[in-house]
Structures are given as structure tokens and as C-alpha cells.
Amino acid sequence: MIWRTLRRIMREPLGAIGLTLVTVVVLSAVFASLLTSYAPSKISPAERFASPSLLHLLGTDHLGRDLLTRVLYGGRVALLIALGATAVSLVVGVVLGLIAGYGPRWLDNVLLLIFDAVKSFPTVMLALTLVTLFGPSLYAVVLVVMLVNVPGYARIIRTQTLVLKSAEHVMAARSMGASAGRILRVHILPNIIGPILILISMDIPVVVAIEAGMSFLGLGVRPPTPSWGAILNDGFANIRDSYWIVIAGGLPIVLTTLGFTFFGETLRDLFDPRLKGRS
Amino acid sequence: MIRYALKRLWLGAIIISVAMMMMFAMVYLIPGDPASVALGPRATPEMMEALRVRMGLDQPVWRQFLHFYGSVLRGDLGTEVLSDRPVLDVVMEQLPFTLALVVGGITWSVALGIPLGCIAAVRRGGFVDQVIGVLSVAMIAVPSFVVAIYSLLVFAVALQWLPAIGAGEPGDLASRLQHLILPSLAVGLGWIGYISRMVRASMLETLEASHIRTARAFGLTEHRIVYTYALRIAVLPTITLLGVGIGHMLSSSVFAEIVFARPGIGKLVYEAISVRNYPIVSGAVLVTTVFFVLVNVAADILVGILDPRVRSSFN
């Protein structure tokens, strides 16, 4: 099943590019320690601002740290945050969506109103506010991702639940005395997993961008943890003399967001064209 | 129609009051007493007490909350402690710069997105259509701050075609526009992609409509049909999309302002956070949110006027 899916994706030009990029990014993050002999946070003042060479393929930064190493380890940070934050928002979104779709009418209205209210804050303003409240940290990033993603997930789940709620097999289960929990678990949840997976693959680039953006502003992951956004920030301060630092920081962000977006788009077009309008 | 408009306005009002609640909570939840935060560690107890009374911090929470709502409704967002100026004035001073950036972004996205979408629709399925499709997805995917930094690197630092820093000389329109080109591109690039896809899709749908078939039967040229008759209808969904887009562009303008060292709301908030100037943060976020909500409500109502189908689906 998985092989057939991958083969179908590889047959689409966009999907082939996307899947290749995703694979490269994931593998290079997983095997970061094998791909470089430097340590990600090792400072070596003698090699500050070294331009790209065979010794340092992407050059070094203002502390003499090898940029390729920081990019590879930064990939771990980016992907772990993307997966973790997406998983958390997914769980919250599914629960809220099921409650809205299956629960009483007034609760549905209240939840919809909250989703709309949260969605109507400009993302960066929301992030800035939260960081003011809780201070810059990993958790602030996860919280921002949740607030951005949960309303979208919950809405999709809610709509699907509403449709399925009046489907015949669900009616039958209910008439046989199945509890609300059982109906949600056995009959509704399995039917909405497909669209959710597609949404996730399209949201991962957004999460990667949020993490990198917050780290670029110095509001995300704390130094010396390697992060693509932080590399961009280091490079931005020295953009006139050491252009290679911003190139090293931005390129993985571009490749990752493009890869996951291309992959997600292909997945959606192949398996669920209905989702097309949303995004 | 009026019922629809009222419903949208009501939703907008609720969203704004939720935003106000969050802003109040923010000032309230911040660790440490706002008065001591504002005055710094060297303040005497008398000074602190005086400021606490002035800020209303000696009152019970619900009183403070009502007072906060009341003063915001009167347009009073508090006073900036350092310069003793009204927060609203400080924020409003920066708003035009951010608006210029957003308008610039809209200009880029409309000026390039609509033609690209039309071309893709006319050449449906062909090579050109596919290239535009991939380009659109790519423009949507790449985060705006990377676009901002890379365009700064290429066009301002390496090629030196355009200025890198600031908003241009006051009163000199040419210089202002020159300083606007790169930051507004960074803000609008993603929306070129969104709009071109949206226009392509709605153009394809419109070209199937019966009045277009009639136009074809009359022997009008395809060019005339697409750009005169179909485009008029096909751009409608773009209006709602731009309503959403303005909010996103407000977000990306924070990055564009920091990267290009332009004055604006984003830079104001960012700098206020680093010096813990909370009244400015909450004031600026509140103004931005209100602005964003109003734009969305206006876009929805406008589409409701233009397209009666939307009104009925809302109920």
C-alpha cells in the first residue's frame, strides 16, 4: 500500500521533486552526526568568518562554527519541532472538532466562535504577544503553532463529523445503543484520517517557517541550539561581509518548505481533490 | 443583505472584544508588578505607589477590567511611561508605514497574480500552465522572511540596484517608492501565488458559464472573452482572498520592517518587546487586530454585495 502510494507520487513531476527533497532533508537530519566531523556548537575563534572551502563546505559563522554542521543539526531541531508541535495541535484539533461536530448545538457555536477569534489574529502579532507573556522558548513556539493550526484542524474534523453523524452506519450504531464515545472512536475517527494526513503534510512547511521565523527574531529556540532561523539571524548581522552565512541559513528553509509543500500538494491532488479549495 | 452585514459585524465585534480581553490578561499576567516594571529597579516606594494609583492598579481586578474596556472604547490605549505620550499616538505614527508596505504587497500580488492566473487558465493543461502552477506553489511555500533576506542580499547588497535600509526621504515620493519595492515584494510574493491559483480556478469555472458560451457563439475572440467578460467575474473570489491576505501581509511586514530597517508597527512591537515596554506591545497588537478584523468584515460584506450566493450560504 505504501509502496504503491510512493510510486504514484513519484510519477508526478511535482511529487517526485517533493519526495526527493523531503527524503534528503529527513535523512540528513537523522544522520547528521555521520555526515560531519565537527560538533554543532564548537567555537573556534581562529576560523571566524571563513568563506566556503573544502574544509568548511558552507563556511563558518562569527564564532568559527562550521555552518554545514549547524545546518544539519538545525534540521533535527526543525523537524522535531515540526512533528511534535503538529502532533500536539492535531490531538487538540481532533478532540475539539469531534466535540463541536458531535456535541450539542450551543457548544458547536461557542467553539466555532473561538476558532474564528483565534484565527483572526495576525500570526506574528500572536507570536510576539505570547513571547512577551512567557518569554522566548521552545514552548512558546509550540504554543504559537498550536494556536495557528488547531482551528483549521478542528474545523475540518467538525465538518466531516457533521457529515458522518447522519450517515446510515452511524445511525444504525446509535440505534443499537452504541455510546457517543464508541461511535466517535469506531465509526467517525477512522473515516477522517485520510484528509488529516494530507493536511499535516501541507502544514509541516508552515510550522518549519514559524520556528525558523521566531528563531530569526530571537524569540524561539535559545542559543547555542542550532536552528536555521538563528543561523539566518547571525548571517543577517554580517550580511555585507559574509554573505555565505545567510545563504547557509536560508537554503535549508527553502528546500524543506518547497519539498513538503510539493509532496503535500501531490498527495492531496491524488487522494483528496475535495480539499483543494482550502489553503 | 442587511442581516448578513450585521451578522458579520457582530462576529467582528466579538473577536475584537476577545482580543481586548487577551490584551488585558497580558498586562495582568506578566510577572512582576507593571508599575515596578515600568519604573525600573531604582524607583522609590512613593514613586511606585503614585504610579500604581495613576495606572489604577490599586483597584480590584474587575474594576480595572471595566476601566480598561471603557478607555479603549474611548480610544485611550494608555500612556507610554517613558515619553509620557499616549500609546495610540505612538502607534498611529507608525501605522502609515506598515499600510504602505501592505498596499505595496497587494500591488505586487494583484499585478502579477491576476495575469499569471489568466494565462494559466487560457493555456490549461499545457507546459506554460504547469510552469505557472509550480511557480505559484513555490511562491506560496517559501517564507517571507527568507524572501526578504535573500532579496536584500541580491538586489541591495550584491547588485546595489535598490536601497537596503529605511523608508526613504520624507516628502520625496520617488525615494519612498524605491525603498518600498523590495520589502513589499517580500510581503506580497506568496500572494502572487495564491491569487494566480485562485484566478486560474475561478476563470476555468467562469469560462464554462452560459453567457461565455453565448459570447463564443457570437464569434468574439478568445482574448476578448477572457479579459473582458470572464475576468470581471473570475476576480471576485480574489477580494475575499485579499481580506485574508492583508492579515498575513501584516504578519510578514514585521519581518520586512526588521530586515529592511523600515519604521512600522512590526518594528515598533519588536523593539518594545526587547525593552519590555508592554503598553506599546498591547496597544500596537490591539490596533493591528482591530484593523485586520475590519478589513475582513469589509471584504466579506463587499463580496456579499457582489455575489448574492454568499449571503444565503452564510445563514
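In what follows, chains are A, B, ... by sequence order, proteins preceding strands, each numbered from 1.
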Would you confirm whether B/Y150, through its side chain, and A/L251, through its main-chain N or O, come within 3.5 Å as a donor-acceptor pair? yes
Under a 4.5 Å cutoff for heavy-atom pairs, which residue among A/G213, A/A209, A/G235 has the most contacts with chain B? A/G213
Salt-bridge test for A/R65 and A/D234: reply yes if a basic N is under 4.0 Å from a carboxylate O, no otherwise. yes
Under a 4.5 Å heavy-atom cut-off, does chain B meet the side chain of A/L217, its backbone, both or neither? both
Decide side chain to side chain contact (heavy atoms under 4.5 Å, CB included) for B/L6 and B/W10; before the verdict, give the C-alpha distance in whole Å, the side-chain angles of both, and the deciding distance to 0.1 Å. CA-CA 6 Å; B/L6 282 178; B/W10 184 74; over 6 Å; no
Which of the residues A/P13, A/G229, A/G250, A/G249 is involved in the greatest number of heavy-atom pairs with chain B at under 4.5 angstrom? A/G250
Quick check for you: among B/V157, B/V146, B/I149, B/V254, which has the greatest number of heavy-atom pairs under 4.5 Å with chain A? B/I149
Heavy-atom proximity to chain B below 4.5 Å, by part of A/Y243: both
I'd like to know if the side chain of A/N233 and the backbone of A/F216 have a donor-acceptor N/O pair within less than 3.5 Å. yes
With a 4.5 angstrom heavy-atom cut-off, could you sort out which part of A/A127 is near chain B: side chain, backbone, both or neither? neither
Does A/S215 reach the main-chain N or O of A/G218 with its side chain, forming a donor-acceptor pair under 3.5 Å? no
Where the side chain of B/E257 meets the backbone of B/K267, is there a donor-acceptor pair that is under 3.5 Å apart? yes
Determine whether a donor-acceptor pair (N or O, by modelled atom type, separation under 3.5 Å) exists between the side chain of A/S242 and the backbone of A/W244. no
Residue part contacting chain A, namely of B/V142, when any heavy atom lies under 4.5 Å: both
Heaviest contributor of heavy-atom pairs below 4.5 Å to chain B, chosen from A/T256, A/L232, A/V254, is A/L232
Go through the atoms of A/L14 and report whether side chain, backbone, both or neither lie under 4.5 Å from a heavy atom of chain B. side chain
Please determine, among B/V259, B/N296, B/I140, the option with the most heavy-atom pairs under 4.5 Å with chain A. B/V259
Sort A/I114 into side chain, backbone, both or neither according to what part of it lies under 4.5 angstrom from a heavy atom of chain B. neither
Below 4.5 Å, heavy-atom pairs only: which of B/T289, B/I265, B/I16 has the largest tally toward chain A? B/T289
Among the options B/V147, B/L250, B/I246, B/V269, pick out the one with the most heavy-atom pairs lying under 4.5 Å from chain A. B/V269
Where the side chain of A/Y73 meets the backbone of A/A29, is there a donor-acceptor pair that is under 3.5 Å apart? no
Given that the side chain runs from C-beta out, which part of B/I14 has a heavy atom under 4.5 Å from chain A: side chain, backbone, both or neither? side chain
Under a 4.5 Å heavy-atom cut-off, does chain B meet the side chain of A/I247, its backbone, both or neither? both
Within the 3.5 Å criterion, strictly below it, is a donor on B/S196 or B/S136 matched to an acceptor on the partner's side chain? yes
Taking the side chain as everything from C-beta on, heavy atoms only, tell me whether B/S109 gets closer than 4.5 Å to B/M249. yes
